[in-house]
Amino acid sequence: MSTFALRSWSCSLALVLGFSFAAAQETPKSGETPSSAPAADFPYEGEVTCENLNVRLAPRTDAGTGVVAVLRQGEKVVAVGSTGEFLVVRAPRGATAWIFAKHVKKEADSSGSVLVNDAPLRMDSRAGAEKIGALKEGERVSIIKEHLGWYQVSAPPGVKYYVAKKYVRFLAAVPGVESDPAARIEPKALAGGSDAAALAKMREAEGLVAIQNALISEKKFSEVSFGGVVAAYKEAVDLAKTDAVKRQAETKLESFAGFDRIFSITQGSIEATERLLAAQKELIESKRAKDESKFDACGYVDTVGPLFYRPGAFKLIMAGKIIAFIKVKDGDEDMRVRMNRLYGKYVGVNGPVLKDPPGWPDHKVVTVESVEELIKK
C-alpha cells in the first residue's frame with residue numbers, strides 16, 4: 001500500500017478512534033453533580049444526568065468491558081434491577097452479541113433458529129470471550145453478519161446491560177413491566193413523550209456506530225461506511241418534536257456526516273492507488289518478460305560462496321531458487337569486479353550456456369560475456 005494511502009487511513013482511524021474514546025467517558029456536565037437514583041421498586045424509568053453514559057456488557061468500568069452504546073444527557077432508561085454501583089437496564093436498540101455459527105440454522109431471510117440448548121452468547125467472536133447470555137434450542141435470532149465461524153446477532157432480551165447508577169435520576173415507576181433484565185419494554189416506554197420516535201431512531205444509529213467501530217477494530221477499513229448512521233440521524237432530526245432533542249440529533253448528524261466524508265474520500269484514494277499499483281505491476285512484469293527474452297538468464301546476483309566443485313563464482317536467483325550459475329572467464333577481472341558491484345541487482349546475462357554441469361544436475365552455467373542491470377526489485 002502506498003505511503004499516501006497509509007497516511008489517509010491513519011488520519012481516518014485516528015479521528016474515529018478519537019471520537020470513540022471521547023464518547024466512552026462518563027462525563028458529568030460542567031457544574032453538575034452526579035445524582036444517584038434513589039431507592040425504588042423496580043422497574044422504573046430514569047433520566048441520564050451526565051453528558052455521556054456508557055451502556056456496558058458487565059458491571060465494571062475496566063477497558064476490557066464491552067461498551068455497546070452511549071446514552072446522552074436527558075435520555076431515558078428503564079431500570080429492571082441493580083448490582084453494586086450499577087443498574088441493570090433494558091437492552092438499547094442496536095445492541096448485539098455473538099453465537100457460534102454451528103449452533104444456529106441460518107435461513108434465507110438472515111434469521112435463524114438455535115440448534116442446541118443453552119447455546120452461549122458471547123461478547124465477541126472468540127470461544128474464550130466473556131459469556132453474556134444463553135439461548136435455548138428453538139429460539140430465534142436475527143443475524144447481522146458472519147465472521148470466522150461466528151454469527152453476530154441482535155441481542156435477545158435475556159442479555160443484561162449495565163449503566164452507572166449514580167448518573168441516573170429516578171423519574172417514575174413503570175407499571176406493567178416485570179422486574180427482570182429480560183423484560184421487553186416498548187420504545188415508547190423508554191423514550192416517553194412526543195420525542196419517542198426520534199430517540200428510538202438515535203438509539204438505532206448508536207447501534208450502527210458500534211458495528212462500524214467493530215469493523216475498524218478488525219481493520220476492515222474498506223467495509224467501513226457511516227452512511228447508515230447519517231441516514232438514521234437525518235430521520236431523527238425530522239422526527240424530533242422538541243428543540244433539545246432536535247439539536248442533539250443535528251449535532252450527531254454533523255459529526256457522523258464528517259466521518260462518512262472522510263472515509264469515502266480515503267476509500268476512493270485507496271482504490272485509485274490500488275488500481276495504479278496494479279497497472280504499474282502489469283507494466284513492470286510485461287517489461288521484465290520482454291527483457292528476459294533477450295538474455296540467456298535473468299535473476300538477482302548472489303555469490304556462490306565456498307562450495308566444493310562450484311560451477312561459477314556467482315549465481316542468479318529468483319524466489320529463493322537458483323536460475324543459473326555465472327562463470328567469469330579466467331583473467332577477466334573487469335567482469336569479476338562488475339559482477340561484484342551488481343550484487344543484489346536484477347540483471348540479464350548473455351554468454352555460452354552449459355546445461356547439467358558435473359555435480360549440479362538440472363542446473364545451467366552461463367559463462368558471462370555481457371551483463372545488463374534490468375528492473376530493480
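Model, not experiment: these values are computed from the prediction.
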Stepwise side chain to side chain contact (heavy atoms under 4.5 Å, CB included) check, F295 with V349 = CA-CA 6 Å; F295 298 95; V349 298; 5.8 Å; no
Output, in order, the C-alpha distance, side-chain angles, deciding distance and verdict of side chain to side chain contact (heavy atoms under 4.5 Å, CB included) for R56 and Y161.
-> CA-CA 6 Å; R56 300 177 179 274; Y161 294 91; over 6 Å; no
Decide side chain to side chain contact (heavy atoms under 4.5 Å, CB included) for K241 and K246; before the verdict, give the C-alpha distance in whole Å, the side-chain angles of both, and the deciding distance to 0.1 Å.
-> CA-CA 7 Å; K241 302 300 182 183; K246 186 172 184 178; over 6 Å; no
Please report the C-alpha distance between F314 and F325 in whole Å, then the side-chain angles of each, then the deciding distance to 0.1 Å, and finally whether the ring-ring contact (aromatic ring centres under 6.0 Å, His included) criterion is met.
-> CA-CA 6 Å; F314 302 93; F325 288 102; over 10 Å; no
Could you walk me through whether M335 and V368 pass the side chain to side chain contact (heavy atoms under 4.5 Å, CB included) check?
-> CA-CA 8 Å; M335 181 61 74; V368 60; 3.6 Å; yes
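V328 and V353 fall within the same hydrophobic cluster, where Ile, Leu, Val, Met, Phe, Trp and Tyr residues are linked whenever their side-chain heavy atoms come under 4.5 Å apart, directly or through other members.
Salt-bridge formation is detected for the pair E235/K201: a Lys NZ or Arg NE/NH1/NH2 atom is positioned less than 4.0 Å from an Asp or Glu carboxylate oxygen. The pair R338-E373 fails the salt-bridge criterion, with no side-chain N (NZ, NE, NH1 or NH2) lying under 4.0 Å from an Asp/Glu carboxylate O. With respect to K234 and E250, no salt bridge is recorded, no charged nitrogen being found less than 4.0 Å from a carboxylate O.
Under the 4.5 Å side-chain criterion, counting only non-hydrogen atoms from C-beta, L53 is in contact with V168. Annotation: side chain of V229 is not in contact with side chain of L253 (no heavy-atom distance under 4.5 Å). Side chains of T273 and L276 form no contact here, defined as non-hydrogen atoms less than 4.5 Å apart. E372 places none of its side-chain heavy atoms less than 4.5 Å from the side chain of V347. Contact annotation: the side chain of V80 approaches that of P43 to within less than 4.5 Å [non-hydrogen atoms, C-beta and beyond]. A 4.5 Å side-chain heavy-atom check between I262 and D260 finds every atom pair outside the cut-off. The side-chain heavy atoms of I323 and C298, taken from C-beta on, include no pair separated by under 4.5 Å. A 4.5 Å side-chain heavy-atom check between R140 and S111 finds at least one atom pair inside the cut-off.
From Q248, atom CD reaches atom OG1 of T242 across 9.0 Å, with rounding to the nearest 0.5 Å. Note that the CD1 atom of I322 and the CG atom of D362 stand 12.0 Å from one another [nearest 0.5 Å]. Taken from OG1 in T96 to CG in L121, the straight-line distance is 10.5 Å, to the nearest 0.5 Å. The structure places CD of E206 at 5.0 Å from CZ of R72, a figure rounded to the nearest 0.5 Å. Rounded to the nearest 0.5 Å, atoms CD1 (I326) and CG (D302) are 11.5 Å apart. Remark: R203 CZ to K76 NZ distance equals 9.0 Å, nearest 0.5 Å.
Sorted by first and then second residue, the side-chain hydrogen bond (donor to acceptor under 3.5 Å, both in side chains) pairs with a member in residues 326-335 form an empty list; sequence neighbours excluded.
For the side-chain contact (heavy atoms from CB on, under 4.5 Å) test, residues two or more places apart in sequence or in another chain that qualify with K131 are D118, P120, R122, A134.
For the pair S113 and E107, the tightest heavy-atom approach, listed with the atom from each and the gap, is OG-OE2, 4.3 Å. Nearest heavy-atom pair across I99 and A119 is CD1-CB, 3.9 Å.
No side-chain donor-acceptor contact under 3.5 Å links N54 to the backbone of V70. K145 places no side-chain N or O within 3.5 Å of a backbone atom of I143 that could act as its donor or acceptor partner. Without hydrogens or angle criteria, K105 side chain to V114 main chain gives no donor-acceptor distance under 3.5 Å. The backbone N or O of S370 lies less than 3.5 Å from no partner atom in the side chain of N350, so there is not a single donor-acceptor pair. H363 places a side-chain N or O within donor-acceptor distance of the main-chain N or O of P361, the cut-off being under 3.5 Å. The main-chain N or O of T251 is found under 3.5 Å from a side-chain atom of S255 such that the two form a donor-acceptor pair.
Just one residue in the list D296, T367, V366 forms a side chain to side chain contact (heavy atoms under 4.5 Å, CB included) with P352, and that residue is T367.
Y151 has its ring centre no less than 6.0 Å from the ring centre of W98.
For E85, the CD atom sits in a loose shell: 12 or fewer heavy atoms of surrounding residues, nucleotides or ligands are nearer than 6.0 Å.
Taking the six-membered ring for Trp and thresholds of 30 and 60 degrees, F86 and Y162 have ring planes more than 60 degrees apart, a perpendicular arrangement.
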